Amino acid sequence: MNTLADTILHAHQALRPQVAVTALTHSAPLSALTGCEVFLKCEHLQHTGSFKFRGASNKVLALTDEQRKKGVITASSGNHGQALALAGLRAGVPVTVYTTTSASPTKLAAVKAFGAKVISLDTDPLSVELEAAKQAQQQDTLFVSPYNDLDVIAGQGTVGAELVEQLPDVDAVFIAVGGGGLISGIAAALAHLKPGTDIIGCWPENAPTLQRSLEVGEIIEMEEEETLSDGTAGGVEPGSITFPLCQQLVTQTVLVSEQEIREAMKAVARFERWMIEGAAGVALAGAIKLAAQYQGKKVAVVLCGRNILLEKFIGAIQ
């Protein structure tokens with residue numbers, strides 16, 4: 001844990017200026033709605049539209065010269081692929097992204113625009129991830145997991161380092177969870193810099209694989225239903241390092257319905273004029289659902305990505 005915290009603090013300095021320090025904005029309307037002091041960590045305003053650029057940039061920074069020449073392979077439904085593609089483009093590192101045929105065409109177009117090669121497979125996200133890792137091994141090329149990688153986790157953890165600088169007396173942080181990389185990094189940073197901060201993992205009821213795994217004490221497979229939070233959907237790689245980190249660091253978990261996610265997204269659009277993605281709506285929905293526990297306290301909600309509808313709108317008016 002100390003090693004991870006040190007790596008996060010190093011990344012916090014090393015990633016500047018290519019990775020933006022995103023704003024932490026106090027929301028008066030959401031504070032009035034919940035009875036908490038709500039602060040929004042604006043990762044939807046990060047480069048490529050999500051926190052994923054932090055982890056991808058830190059991983060590319062850590063590559064050896066030989067790894068840079070060979071390039072890297074990853075699996076992604078969009079955000080991680082975009083982030084690694086841009087980080088690779090800036091560093092001259094070839095990137096191949098494996099994805100599902102159901103992934104967002106808009107996000108995949110962005111991946112290709114950054115110069116990455118895209119390979120789509122007609123299967124579920126976890127199977128795509130396992131196949132990408134297999135191909136990387138066969139090609140003697142580095143596989144970059146979206147979450148099961150300490151360099152990636154450390155990059156995501158810089159969100160936590162920024163939070164402590166921006167809101168030193170934060171009481172709780174609400175984070176949407178898929179594979180667990182973001183919450184592991186943020187929680188590790190806060191455990192080191194501000195022990196005692198509550199870390200609340202938020203999942204859609206339709207796709208709670210890691211949450212259920214934490215409940216039973218081992219990584220399980222389960223069939224998930226369609227969710228607005230496509231960025232957190234999918235299973236967890238067997239042996240993932242995020243699992244023990246979440247076991248140790250996550251204070252509480254909460255599940256939210258599709259309607260609660262939808263209402264949270266609408267609230268941000270109505271009150272803050274931002275179009276956030278479903279995963280970001282999960283985090284805010286979790287904060288609203290548990291608001292009674294944090295009356296009068298300062299809570300941060302990580303808005304982890306922007307809604308692709310904004311990109312579609314921009315395309316439509318050009």
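Small disclaimer: the values here were computed from a predicted structure and weren't measured.
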Give a yes or no on whether the backbone of [Y] and the side-chain of [X] come within a donor-acceptor separation of less than 3.5 Å.
{"X": "Glu224", "Y": "Asn206", "result": "no"}
{"X": "Arg68", "Y": "Val60", "result": "yes"}
{"X": "Ser184", "Y": "Gly180", "result": "yes"}
{"X": "Thr242", "Y": "Gly179", "result": "yes"}
{"X": "Thr141", "Y": "Gln139", "result": "yes"}
{"X": "Gln13", "Y": "Leu9", "result": "no"}

To the nearest 0.5 Å, what is the distance between [atom1] on [X] and [atom2] on [Y]?
{"X": "Thr209", "Y": "Trp203", "atom1": "OG1", "atom2": "CH2", "result": "10.5 Å"}
{"X": "Ile183", "Y": "Ile175", "atom1": "CD1", "atom2": "CD1", "result": "4.5 Å"}
{"X": "Asn148", "Y": "Ile153", "atom1": "CG", "atom2": "CD1", "result": "7.0 Å"}

Closest heavy-atom contact between Thr227 and Glu258? OG1-OE2, 2.8 Å
Please report the shortest heavy-atom distance between His80 and Val144, naming the atom on each side.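 Shortest heavy-atom contact: NE2-O, 3.5 Å.
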Between [X] and [Y], does any side-chain N to carboxylate O distance fall below 4.0 Å?
{"X": "Glu260", "Y": "Lys289", "value": "yes"}
{"X": "Glu162", "Y": "Arg54", "value": "yes"}
{"X": "Lys298", "Y": "Asp171", "value": "no"}
{"X": "Glu66", "Y": "Lys69", "value": "no"}

Show your reasoning for whether side-chain hydrogen bond (donor to acceptor under 3.5 Å, both in side chains) applies to Thr22 and Gln46. CA-CA 6 Å; Thr22 57; Gln46 184 58 260; 5.1 Å; no
Show, in sequence, the C-alpha distance, side-chain angles and deciding distance for His44 and Glu277, and conclude whether the side-chain hydrogen bond (donor to acceptor under 3.5 Å, both in side chains) test is met. CA-CA 8 Å; His44 62 302; Glu277 70 176 13; over 6 Å; no
Which is it for Ser76 and Thr74 under the side-chain hydrogen bond (donor to acceptor under 3.5 Å, both in side chains) test, yes or no, and what are the steps along the way? CA-CA 7 Å; Ser76 171; Thr74 193; over 6 Å; no
Verify salt bridge (Lys or Arg N to Asp or Glu O under 4.0 Å) between Arg212 and Glu218, making sure each step is shown before the conclusion. CA-CA 9 Å; Arg212 296 302 190 205; Glu218 62 180 354; over 6 Å; no
Go through the steps to decide whether Thr3 and Asp6 satisfy the test side-chain hydrogen bond (donor to acceptor under 3.5 Å, both in side chains), and finish with yes or no. CA-CA 5 Å; Thr3 299; Asp6 289 342; 5.7 Å; no
